[in-house]
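Counting starts at 1 for both ligands and their atoms, in listed order. Values reported hereafter were calculated over all heavy atoms of this structure, with side chains retained and with hydrogens, waters and symmetry mates removed. Just so we're clear, the structure is a prediction, and the values are computed from it rather than from any experiment.
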Amino acid sequence: MQTNLADFIKNTPEGNEADAILRACVHCGFCLATCPTYQLLGDELDSPRGRIYLMKQMLEGQPVTQKTQMHLDRCLTCRACETVCPSGVRYGRLVDISRGLVEKQVGRGIVAGTIRFALRQVLPRPDVFATLLKLGQWVRPLLPGKLKRSVPPEPQAMGIWPEARHTRKMLVLDGCVQPALAPNINAATARVLNKLGISLLRAEQAGCCGAVSYHLNAQQEGLDFMRRNVDAWWPYIENKGIEAIVMTASGCGVTVKEYGHLLSHDSAYAEKAARISALTKDISEVLAAEADKISNLVKNSKLKTRNSKLAFHSPCTLQHGQKISGLVEKTLLAMGCELSMVPDAHLCCGSAGTYSILQPQLSQRLLKNKVAALASGSPAQIVTANIGCLMHLQSGTSLQVRHWIEVLDEQLSI
Ligand code: SF4
Ligand code: SF4
């Protein structure tokens, strides 16, 4: 695709990056069929190719309207289009860059702007989020049906976090909403890794990965969260011989793996951020490297009596964002679990960070379709790999939805 960027963006780092991405697109349209919003709405402007045209026009200085913003807002940033694109178009980066520029030009109305501001104040702050969640859980029994379902019940207790006694050590990201919504996920990860001879540590000063602010067009705020995590983790990397930074939420994982790229223009952080991204691993990648030890644990346990059929929902941030496919399934099969078939497994569940709040109608349609697909193989439980997907799916089904590492932990604890 030929481009002619406008002066306001030409020769800037973002402009150069956007230009290279635009030029890679050959308009083939292979991405259309895989796009969830194009499938639902049937409008080319709600497809990857249509949005690429809109972004190109904006970057070339043509007038931008709220209609442009609406079509970009409707995108889930699921990146399914990247998975099928034969030209390697990095659509996710292009839409991140473009949304910020569009917002500068057309702004937001008071209501939409306030909701987005409130999300940025609450979600990345674990204490604030935990307090509001507690309040919601207290009044939950008094709420009417729909509102009641939007407040998650009290989570499963986190159980024991084993003492750090192994030479092999890894760090884990607590994240922002996960400690309040599902504290057992990271504790289960610590117990599983402990059985494999690895101690899992937490850095108290680390927090939100930065994705919430970054994807709500507060890019500088998002980058500040990233810098804070780099500062919190660096002493562990320098002095404590940390082997990896483990992610149990694939939405955080995809972002931390991009720290090196996102902070590459910050001379004080570029090198450290690149090292951190290189050390970052989804828990499925960590366990895949320990497959032999896991099969020994399986041989010595009585888990075959406790197997049940599971449906695995692979989050977009795992399969499209991090390009990790099949690792979770392989580990669960090695544990003797039975996995049900899930049609259209490449499609987003509609959670997509804050999308379920900002685009409720589209999100609910995607949720309904996803729950039907997951339930079609008659599983006993649904498992997934990201807290956002987990809570969203749970709001739409009576089947129990859990993080897959909790199932593994339970099996190995028999
Ligand atoms: S598949 Fe890739 S190259 Fe083809 S239209 Fe879509 S983004 Fe462009
Ligand atoms: S990121 Fe997802 S929703 Fe957005 S254009 Fe690509 S496939 Fe469609």
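Looking at atom 8 (Fe) of ligand 1, its nearest protein heavy atom turns out to be C25 SG, 2.4 Å. Ranking protein heavy atoms by distance to atom 3 (S) of ligand 1, first place goes to V26 N, 3.3 Å. Regarding atom 6 (Fe) of ligand 1, its nearest protein heavy-atom neighbour is C31 SG, 2.3 Å. For atom 2 (Fe) of ligand 1, the closest non-hydrogen atom on the protein side is C85 SG, 2.3 Å.
Using a 4.0 Å cut-off between heavy atoms, S87 contacts ligand 1 through its side chain alone, with no backbone atom that close.
If you number the atoms of ligand 1 from 1 as listed, the ones under 4.0 Å from a heavy atom of G29 come out as 4 (Fe), 5 (S). Contact atoms of ligand 1 toward I52: 7 (S) (distance under 4.0 Å to a heavy atom of the residue). In summary, the atoms of ligand 1 found under 4.0 Å from a heavy atom of P86, numbered by their order in the structure, are 1 (S).
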Given N217 and R120, is the side chain to side chain donor-acceptor pair (under 3.5 Å) satisfied, shown in steps? CA-CA 10 Å; N217 302 330; R120 278 172 32 219; over 6 Å; no

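Under the 4.5 Å side-chain criterion, counting only non-hydrogen atoms from C-beta, R202 is not in contact with Y236.
Between atom 4 (Fe) of ligand 2 and C75 there is an N/O/S contact shorter than 2.8 Å. Distance check for H27 against atom 4 (Fe) of ligand 1: none of its N/O/S atoms falls below 2.8 Å.
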